[in-house]
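Working notes, structure below.
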Amino acid sequence: MRISSADIIVTSPSRNFVTLKIVTEDGVVGWGDATLNGRELAVASYLSEHVLPLLIGRDAHRIEDTWQFLYRSAYWRRGPVTMAAIAAVDMALWDIKGKVAGLPLYQLLGGASRVGLHTYGHASGRDLPELFDSVRATLEEGHRSVRIQTSIPGVRAVYGVASQAQSTGERYDYEPAGRGSQPAEEDWDTGAYLRHLPTVFEAVRNEFGSELPLLHDGHHRMTPLQAARLGRSLEPYDLFWLEDCTPAENQRALEVVRRNTITPLAIGEVFNTIWDFQHLIQAQLIDYVRAASTHFGGVSPLKKVMDFAAQYQIKSGFHGPTDVSPIGFAAQVHVGLAIHNFGIQEYMLHSSLTESVFDQGMTFVDGFLHPSDRPGLGVEVDEEAAAAFPYQRAYLPFNRLPDGTMHDW
Ligand code: CS2
Ligand code: MG
């Protein structure tokens with residue numbers, strides 16, 4: 001079954017998305033997500049200039065061979081742009097295979113291992129009353145686990161706090177990458193953060209009890225020792241995980257953290273390949289794999305890294321922000337349903353505008369997320385609707401320390 005055409009759709013319903021459409025000679029359509037937040041057009045151009053011409057005439061059924069061809073033949077491997085491009089092709093081909101087979105993707109991956117996926121949602125606030133309201137709203141949405149982010153006294157604007165500075169009127173989660181020609185500047189003070197955060201978790205535990213699973217995202221901002229100290233000071237509050245506590249480049253940092261705390265660790269939303277996880281998994285330095293199908297080369301490598309992680313009792317916690325499109329999100333929901341070592345799924349809910357372009361058939365009932373039972377990924381794109389939302393330049397914010405030093409994400 002040959003590929004007869006391949007096209008890129010760039011659309012911005014609430015936020016930018018890059019979508020690949022592959023069509024076979026007998027008219028089967030496959031969709032893939034190639035969205036790289038803040039650098040979207042680089043992937044669109046990588047695909048249209050270098051990859052799409054290679055796809056025409058290839059056998060759409062040869063998913064693994066096509067993946068290896070795009071990965072190995074380029075000579076320069078890996079990196080977020082390359083891997084988001086390969087991810088889109090991989091997803092689109094799995095979508096096609098599912099449609100031809102008449103089966104949802106999870107059935108091709110071994111079938112369901114559970115009734116549905118437990119999710120976590122985001123809660124945040126400038127102060128405790130606002131945070132508590134946000135936790136309640138997150139629970140009302142159906143999540144049974146909650147990520148807690150908070151303002152820090154004396155620090156003007158902190159990433160991940162919905163009601164702060166760059167909020168645009170729409171729900172913050174929809175567009176943390178602010179539209180405009182320059183990124184927003186935020187503040188950071190690690191000392192103040194390390195002092196304040198345990199007091200917030202203590203208050204949340206007092207308000208919501210000991211059973212609610214709580215998570216926190218450190219956004220790569222600590223040194224190894226700072227992260228170890230935070231992990232230890234949060235132990236009384238029994239976190240489900242502490243995410244991205246140190247910058248991902250220095251993997252040995254996790255050894256320091258691990259030696260000093262039993263707070264579970266999740267990492268890897270900015271990782272691109274299984275090799276980024278190799279040491280962390282083998283040395284058992286993490287508990288959850290945070291990869292996202294879209295930034296990790298697609299469905300095929302996501303399944304492989306989880307099978308590798310399974311040997312070490314490490315579970316999935318796939319990255320599920322709104323900058324992963326409904327297509328990329330569906331791809332990893334199928335993987336999560338099929339694998340044995342599923343942990344939890346981050347679920348931020350796309351805006352109604354996004355859903356007017358991407359028709360997703362998944363369900364979220366009684367705290368369980370279930371992929372669509374339509375054949376393939378189960379997401380269809382309304383191209384006419386997409387055309388009404390042209391690309392808008394957008395950047396994630398960055399942050400500086402109190403003395404003006406540029407700091408880590
Ligand atoms: C965050 C993301 O979801 C998360 O855990 O780290 O919101 C992240 O900041 C964005 O996906 C960046 O594009
Ligand atoms: Mg994160």
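Numbering of ligands and ligand atoms starts at 1, following listing order. Since the model is a prediction, treat every value here as computed from it, not as a measurement.
Relative to the six-membered ring of Phe69, Arg58 meets both conditions, a distance below 6.0 Å and an angle of at most 45° to the axis. Arg221 forms no cation-pi arrangement with Tyr159, by the criterion of a distance under 6.0 Å to the ring centre and an angle within 45° of the ring axis.
Among the atoms of His122, none of the N or O lies under 3.5 angstrom from an N or O of ligand 1. Considering backbone and side-chain N/O atoms, Asp323 comes within less than 3.5 Å of an N/O atom of ligand 1.
Ligand-side atoms of ligand 1 in range of Pro321: 3 (O), 11 (O), range being under 4.0 angstrom from any heavy atom. For ligand 1, the atoms lying closer than 4.0 Å to a non-hydrogen atom of His319 are 1 (C), 2 (C), 3 (O), 4 (C), 5 (O), 8 (C), 11 (O). Set against the non-hydrogen atoms of Tyr159, the atoms of ligand 1 under 4.0 Å away are 7 (O), 8 (C), 9 (O), 10 (C). Close approach to Asp217 involves these atoms of ligand 1, each under 4.0 Å from a residue heavy atom: 1 (C), 4 (C), 5 (O), 6 (O). The ligand atoms of ligand 1 that sit less than 4.0 angstrom from a heavy atom of Asn37 are 12 (C), 13 (O).
Around the Mg ion (ligand 2), the protein atoms of type N, O or S found under 2.8 Å away are Asp217 OD2, Glu243 OE2, Glu269 OE1, listed by chain and number.
Applying the side-chain hydrogen bond (donor to acceptor under 3.5 Å, both in side chains) test to every pair with at least one member in residues 41-55, sequence neighbours left out, gives these pairs: Tyr46-Thr82. Within the structure, ring pair (Phe, Tyr, Trp, His ring centres under 6.0 Å) pairs that include any residue of residues 369-389 comprise Tyr106-His370 (at least two apart or interchain).
With a 4.0 Å cut-off on non-hydrogen atoms, Leu396 touches ligand 1 through its side chain and not its backbone.
If you run side chain to side chain donor-acceptor pair (under 3.5 Å) between His122 and each of Glu346, Glu141, Gln149, His143, only Glu346 comes through. Residue Val324 is tested with His295, Met348, Glu269 for a side-chain contact (heavy atoms from CB on, under 4.5 Å); the sole match is His295.
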So Thr322 and His350, side-chain hydrogen bond (donor to acceptor under 3.5 Å, both in side chains) or not? Walk me through it. CA-CA 6 Å; Thr322 49; His350 286 101; 5.6 Å; no

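Legend: residues meeting ring pair (Phe, Tyr, Trp, His ring centres under 6.0 Å) with Trp94, ordered by chain and number and at least two apart, are absent.
In summary, Lys21 and Glu383 engage in a salt bridge, as defined by a charged side-chain N under 4.0 Å from a carboxylate O. With respect to Asp244 and Arg290, no salt bridge is recorded, no charged nitrogen being found less than 4.0 Å from a carboxylate O.
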